[in-house]
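Proteins get letters first, then strands, A, B, ... in listed order; numbering begins at 1 in each.
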Amino acid sequence: MIKLEQGFYNRADVLKIARELLGKVLITKFDGIVTSGRIVEVEAYAGVKDKASHAYGGRHTNRTSVMYYPGGTAYVYLCYGIHHLFNIVTNTKDIPHAILVRAVEPMEGIPAMLERTGKKKPDYTLTKGPGNVSKALGIGTKHTGGSLLQDEIIIASDGFVPKKEDIVATPRIGVDYAGEDALLPYRFIIKGNKYVSGK
DNA sequence: CGACCGATCGTCT
DNA sequence: GACGATCGGTCGA
């Protein structure tokens, strides 16, 4: 298991990074409890010129300021008052690119995930959808602005790389408000994986 | 199945 | 004061 370093996140091509994140392992360690899952679905948000991005047009508020941090920072925010959505900030300081992790396949610490989510059995709903990922892995808004290069939240590679033909690009979910940008193929999934959200 | 709807609150206007 | 980068339950066919 090799932790991804600054150089992975700092690059300029957010679409390339998003694609490369598929198959990587997202690991959290809170209070000695380790939970992890393989990333199977992500969405890229390409900064100031992407109408679907919180940083569109250079919007810079308290909440979104984290997006302007250097690559390798966690951006977590509350959606619909209930769900914590976990994003990975990419590119260099002041360029607000981000990648939303929408689904993982559970690996380590499944009992802890069941406890956090209140589920009885580890079925495919455990870490399907961005709200569930954060819930199962114990990620909340207090982690926004935190570094992915430390110990609490990291992303690592165990050598697994999805086959090229298994990676599919589609439009993003729930961004109809973004006009024509809602059609951009910025969502990447591992084809056939049962943890991928949607139908 | 699909459509609809309620939950619930920080953030922005 | 309105509204989400959502989820899961319910209802009807």
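In this structure, A:Arg59 atom CZ and C:dG4 atom P are separated by 11 Å, rounded to whole Å. With rounding to whole Å, A:Asp176 atom CG is found 15 Å from C:dC3 atom C1'. Distance, A:Asn62 CG to B:dT13 C1': 15 Å, rounded to whole Å. Atom NE2 in A:His84 sits about 14 Å away from atom C1' in C:dG4, given to the nearest Å. Summarising the geometry, the separation between OH on A:Tyr80 and P on C:dG8 is reported as 14 Å, rounded to the nearest angstrom. Atom CG in A:Leu85 sits roughly 16 Å away from atom P in B:dC9 (whole-Å rounding). What separates OH of A:Tyr124 from C1' of C:dG8 is a distance of 11 Å, to the nearest Å. Taking atom OH of residue A:Tyr56 and atom C1' of nucleotide B:dT11, one finds them 20 Å apart after rounding to whole Å.
Side-chain to base pairing of A:His54 with C:dA5: one donor and one acceptor N or O lie within less than 3.5 Å of each other.
Cluster membership check: A:Leu26 does not share its hydrophobic cluster with A:Val161, using side-chain heavy-atom separations under 4.5 Å among Ile, Leu, Val, Met, Phe, Trp and Tyr.
When both pairing distances are held under 3.5 Å, C:dG1 makes a Watson-Crick or G-U pair with B:dC12. Pairing of B:dA7, defined by two Watson-Crick or G-U wobble distances under 3.5 Å, is identified with C:dT6.
In this structure, A:Leu100 reaches the bases: a heavy-atom distance under 4.0 Å links it to at least one base atom across the strands shown. The residue A:Arg63 sits close only to the backbone: its heavy atoms come under 4.0 Å of sugar-phosphate atoms, none of a base. When heavy atoms are screened at a 4.0 angstrom cut-off, A:Lys135 is found touching no nucleic acid atom at all. Among the protein residues, A:Asn132 comes within range of the sugar-phosphate backbone only, with heavy atoms under 4.0 Å from sugar or phosphate atoms but none that close to a base.
When ring centroids are compared, A:Phe86 and A:His143 stay outside the 6.0 Å threshold. Taking the centre of each ring, A:Tyr68 and A:His60 come in below the 6.0 Å mark.
One C1' atom belongs to C:dG8, the other to B:dG10, and the distance between them is 22 Å to the nearest Å. Nucleotides C:dT10 and B:dT8, compared at atom P, are 15 Å apart to the nearest Å.
Picking from B:dG10, C:dT6, C:dA5 the nucleotide with the shortest atom distance to the side chain of A:Leu78 gives B:dG10. When each of B:dT8, B:dC9, C:dC7 is scored by its nearest atom to the side-chain atoms of A:His83, the top-ranked nucleotide is C:dC7.
With a 6.0 Å cutoff to the six-membered ring centre and a 45° limit on the axis angle, A:Arg11 counts as a cation-pi contact of A:Phe8.
One finds a side-chain N or O of A:Tyr177 lying less than 4.0 angstrom from the OP1 or OP2 phosphate oxygen of C:dA5. Note on A:Lys119: a side-chain N or O is less than 4.0 Å away from OP1 or OP2 of C:dG8.
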Going through the distances and angles, do A:His97 and A:Val48 end up as a side-chain contact (heavy atoms from CB on, under 4.5 Å)? CA-CA 8 Å; A:His97 287 181; A:Val48 298; over 6 Å; no

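Taking a centre distance below 5.5 Å and an interplanar angle below 30 degrees as the stacking criterion, A:Tyr77 does not stack against the six-membered base ring of B:dG10.
The 5' end of DNA chain C is approached more closely, in terms of each residue's nearest nucleotide, by A:Gly174 than by the other of A:Gly174 and A:Thr125.
Here the options are A:Val40, A:Thr127, A:Val196, the test is side-chain contact (heavy atoms from CB on, under 4.5 Å), and the partner is A:Glu105; only A:Val40 passes.
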